[in-house]
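Values in this document were obtained by computation on a predicted structure and should not be read as measured data. Convention: sequence-line order gives letters A, B, ...; per-chain numbering from 1.
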Amino acid sequence: MKAPWRVAVLLAALAVAIVSRAWGAAPAVRTLENGLTVAVLRDSRLPIVQIQILVPAGTAQESDREHGAAPLVASLLTRGTTSRSADGFTAEVDDLGATISAEAGVEYATLGATFLSRDF
Amino acid sequence: MKRIPPVLAVASLLIAAPVSGHASTAATGPAGASTAPGARIVTLRNGLRLLLAPDSLATAVDVAVWYDAGSRHDRAGKTGIAHLFEHLMFGGSSRYGPGEHGRLVREEGGQSGAYAAADFTCFYETLPPDDLELAIRLEADRMTGLRITQKGVDEERRLVAGERARNTTEIGRGLERLYAMAFKVHPYRWPVYGLEEDLPRLTLKDCLDFYRAHFGPARAVVTIVGNFDPDQAVAWAKEHFEPLKDSGRPGPPPPSEEPQTGERRATAPGESPSRILMVGWRVPPRTDPDWPALSVLQALLTRGRAARLDRALVTDQALCLSVQGDMSTRKDGSLFFLAAEVSPRADSAEVEARLFDEVSRVASGPVSAEELERARRQVETSVWFGLPTTRARAQALGNSQILTGDALDLDRQLGRIRTCTAEDLRRAARLLDPARREVLWLMPAGGGQGEATGGQR
């Protein structure tokens, strides 16, 4: 994982939010002290929140000796942490009725979550 | 242009998030959110209902016409006509040539499509907001002005012939079989595509008669969803739709089914590379008070890793590779179904027994508060997560209107789902009576056990 200042977090109140920029609803963009860039777009049409975390850890960042590392690491992002087991994590997401996804693209690895606003 | 396979068009709240409706915010819980805020109905003088759901943040406008023309209107020996007609509607009119409709929409950067379902046929355009009038003009044109020729019918018949084979999955074809087992007199017993042997029997006269009877303004609904000015939309709708005359005469309603009094079983060899157990129950339509609890029950059994059937058949014991299910919802009844893909070495009888045991355990056993809340949330989020686009919202709104007669129905269903109790679930589970179930085994060719050998039956 790269330094946090190269990580961008997109918060959107729902999926269509990103599209609605075309119609003038501009996102608020801030850079936190640790370098993390956060873009927030408010859209109250549906009572859900979507978060996307983009990390510059796509297949283009793999060295010659790391082929396959980007999707492998991305897939591990939903398999638990030092404080949560993989099963515990899945169960918590299930309990919320939320969805979590992680995948590696060419430029970025993307971690996404969608859940109800009342759980934000 | 996009054609959606009919099988996908039958899915329920859980998979397709199909429902809709604006309602008073009181019905919609703490956030006060509505699935179609501000929606309203305007009825034109010829009876055409406009269902308007403006959304100033949307980037597109979606116009969809919902005709009271589905496979529920099929007759024995002439099945599949609604689906054939979905194709004929692109054949041109006195004003537009064949395929021109789709081209005009594409030239504006829009998309158009159509699909036939059991209860309706839907035609839609999703366009930049400036092109609303084009969509209204095109749909008004083919509502009564379609040109139907022998050549066109013959051509479309050829195209339709291979479509079912291309577009259906094992589970989709299994679902067709379950419908045929559960419905003995109602046209729901036939696939939306119709029976293959009936296709050559559909004549030009059948098509003309079907068009006159089922198209036209009086029983159609037009949904307009997205970025538009409602007053302007109504003005254009009046200009283009209101002069149209209706020639339709609704036929008698389809016959009702007798209550089922015993389990029905069937085996379909050669339908799947591995054994798939499918079980279905004919349950009430979406207008029934038990319907929301049935949705929650489906989630309790099959949604997420902690769902009861996933635990019993996939996680705790490796009896099955996967379990899924849904409620296929139609106007005159729903089909609650489960599908389990059996592990190569597992015993078929044991899988059946465990599955039925889990279903009856809901009817008579406890449901914890946590489990109930999880299932309710699974249904609720599947609705909200399914509405990200203008097209999806139009789909939900129209579905609501067609299936329940109430454009505001989805908001009401969400309210009932949030307040569904363990007792509601038990009552719903009792509808899944062993004497009323259809049990279908999709089997590998030659009656084997699947990709590995050594299992026993």
Within the structure provided, determine whether B:Arg393 and A:Leu46 are in side-chain contact (heavy-atom separation under 4.5 Å).
yes

Inter-residue atom distance B:Gln378.CD - A:Asp94.CG, 0.5 Å rounding:
5.0 Å

Any side-chain heavy atom of A:Arg45 sitting closer than 4.5 Å to one from B:Leu387?
no

Reference residue B:Thr381; test side-chain contact (heavy atoms from CB on, under 4.5 Å); the match among A:Leu116, A:Leu96, A:Thr114:
A:Leu116

Shortest non-hydrogen contact between B:Phe385 and A:Gly97, atoms and distance
CE1-O, 3.6 Å

Please classify the contact between B:Glu370 and chain A as side chain, backbone, both or neither, with a heavy-atom cut-off of under 4.5 Å.
neither

